Visitor: 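This structure is in structure tokens; I'll ask about it shortly.
We're numbering straight along the sequence, starting at 1. All heavy atoms count here, side chains included; hydrogens, waters and symmetry mates do not. Everything numeric in this text was worked out from a predicted model, so none of it was measured.
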Amino acid sequence: MVITAPCVVALTWRLEDTLGNLIDELEQPLEFFFGGDDLLAKVEETLANQEAGFRAWVQLEPEHAFGDYDARLVFFEDRSVFPGDVDVGMRFDGLPEGCKALDMPLDATYTVTEVYPTHVVLDGNHPLAGIALRLDVVVRDVRSATLEEIARGSVTESDLTVLDAMPSSPRLH
């Protein structure tokens with residue numbers, strides 16, 4: 001079957017930075033909805049009109065992956081806003097309750113990057129923002145999307161997409 005929207009592709013991959021450092025490796029095939037939000041546009045562009053067995057190296061500049069790093073999305077928040085066990089690497093969907101930085105985007109995911117006795121540093125950038133990436137991707141299978149998948153625009157019912165990657169728990173998907 002040829003990859004055209006809407007369909008489902010099963011992929012494996014190896015994701016590296018431009019120095020060859022491993023960021024994520026998907027060894028067992030995982031399904032993604034092609035023609036929705038499950039994959040980055042540049043990856044979809046590369047896979048379009050291909051078939052199972054296709055392999056490609058995709059260069060992803062920040063503008064084609066997770067965007068440029070935006071220093072305006074880094075801010076301090078009072079330590080009292082956080083639970084006692086707050087630690088570097090913890091993530092919050094949206095601003096934590098009681099947060100005073102109301103000028104920050106409400107729909108971002110914030111990562112704790114530093115913890116001090118009086119304050120905590122939060123970063124609303126994607127963990128891979130500003131990084132050029134190299135993706136070695138292999139199409140393992142292609143199938144028709146179900147009506148439910150087409151309606152959702154995704155293979156899964158979760159809101160997790162490729163845009164939610166976290167190197168700290170290596171997932172690009």
Visitor: Would you say the side-chain atoms of E149 pair up with the backbone N or O of T146, donor to acceptor, closer than 3.5 Å?
Guide: yes
Visitor: What are the two closest heavy atoms between Q59 and A132, and how far apart are they?
Guide: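 That would be NE2-CB, 4.0 Å.
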Visitor: Hey, can you tell me if H126 and F66 have their rings parallel, tilted or perpendicular (30° and 60° cut-offs)?
Guide: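 Ring orientation of H126 relative to F66: parallel.
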Visitor: Please examine the side chains of V139 and L47, heavy atoms only from C-beta on, and report whether any two atoms are closer than 4.5 Å.
Guide: yes
Visitor: Search all heavy atoms of R91 against all heavy atoms of P127 and return the closest pair with its distance.
Guide: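 Reported closest heavy-atom pair: NH2-CD, 4.3 Å.
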Visitor: Closest heavy-atom contact between R140 and T12?
Guide: NE-OG1, 2.9 Å
Visitor: Report yes if some heavy atom in the side chain of R79 is under 4.5 Å from a heavy atom in the side chain of V115; otherwise report no.
Guide: yes
Visitor: How close do E16 and I23 get, counting heavy atoms only, and between which atoms?
Guide: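 Closest heavy-atom pair between E16 and I23: C-CD1, 3.9 Å.
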Visitor: Measure the spacing between CG of D141 and CD of E31 and express it to the nearest 0.5 Å.
Guide: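 One gets 7.0 Å once the value is rounded to the nearest 0.5 Å.
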Visitor: Out of curiosity, I131 CD1 to T18 OG1, how far, rounded to the nearest 0.5 Å?
Guide: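 Atom-to-atom, I131:CD1 and T18:OG1 are 9.0 Å apart.
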Visitor: Would you indicate whether E63, at its atom CD, is surrounded by more than 12 heavy atoms from other residues, nucleotides or ligands within a distance under 6.0 Å?
Guide: yes
Visitor: What I'd like to find out is whether the side chain of L11 reaches to under 4.5 Å of the side chain of L30, using heavy atoms alone.
Guide: no
Visitor: Is there a continuous path of hydrophobic side-chain contacts, each under 4.5 Å between heavy atoms, that joins L39 to L26?
Guide: yes
Visitor: Any link between L15 and F54 through a network of hydrophobic side chains (Ile, Leu, Val, Met, Phe, Trp, Tyr) touching at under 4.5 Å?
Guide: yes
Visitor: Donor-acceptor pair, D38 side chain versus F33 backbone, under 3.5 Å?
Guide: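 At least one qualifying donor-acceptor pair exists.
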Visitor: I'd like to know if the side chain of T111 pairs up with that of D123 as donor and acceptor (distance under 3.5 Å, no hydrogens or angles considered).
Guide: no
Visitor: Show your reasoning for whether side chain to side chain contact (heavy atoms under 4.5 Å, CB included) applies to V74 and N125.
Guide: CA-CA 8 Å; V74 179; N125 286 286; 4.1 Å; yes
Visitor: Taking F82 as the starting point, is it possible to reach L106 by hopping between hydrophobic residues whose side chains are less than 4.5 Å apart?
Guide: yes
Visitor: Any donor and acceptor pair, going by atom type alone, linking the side chain of E77 with main-chain N or O of K100 inside 3.5 Å?
Guide: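 Side chain of E77 to backbone of K100, a donor-acceptor pair under 3.5 Å: yes, one is there.
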Visitor: Is V86 linked to V88 within one hydrophobic cluster, defined over Ile, Leu, Val, Met, Phe, Trp and Tyr using a side-chain heavy-atom separation of less than 4.5 Å?
Guide: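 Yes: a chain of side-chain contacts under 4.5 Å links V86 to V88.
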Visitor: Using only atom types and a distance under 3.5 Å, with no angle test, would you say the side chain of E44 pairs donor to acceptor with the backbone of F34?
Guide: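 Judged by distance alone, no pair lies under 3.5 Å.
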Visitor: So which atom in A145 and which in I150 form the shortest heavy-atom distance, rounded to 0.1 Å?
Guide: CB-CG1, 3.7 Å
Visitor: If we ignore hydrogens and angles and just use 3.5 Å, is the side chain of R134 paired with the main-chain N or O of L19 as donor and acceptor?
Guide: no
Visitor: Roughly how far, to the nearest 0.5 Å, is the CD1 atom of I3 from the CG atom of N49?
Guide: 8.5 Å
Visitor: Holding to ring pair (Phe, Tyr, Trp, His ring centres under 6.0 Å), I want the full list of residues that pass it with H119, two or more places apart in sequence or in another chain.
Guide: F76, Y116
Visitor: With a 4.5 Å limit on heavy-atom distance, are the side chains of L122 and P96 in contact?
Guide: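 L122 vs P96: side chains touch.
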Visitor: Side-chain heavy atoms under 4.5 angstrom apart, residues restricted to Ile, Leu, Val, Met, Phe, Trp, Tyr: same cluster for L22 and V138?
Guide: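 No; tracing contacts between hydrophobic side chains, which count when under 4.5 Å, never links both residues.
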Visitor: Apply side chain to side chain contact (heavy atoms under 4.5 Å, CB included) to residues M104 and Y110 and explain how you reach the verdict.
Guide: CA-CA 10 Å; M104 301 305 283; Y110 293 94; 3.3 Å; yes
Visitor: Decide if atom CZ of R55 counts as having more than 12 heavy atoms of other residues, nucleotides or ligands within a radius under 6.0 Å.
Guide: no
Visitor: Determine the minimum heavy-atom distance between V58 and K42, stating which atoms define it.
Guide: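 Heavy-atom minimum between the residues: CG1-CG, 4.0 Å.
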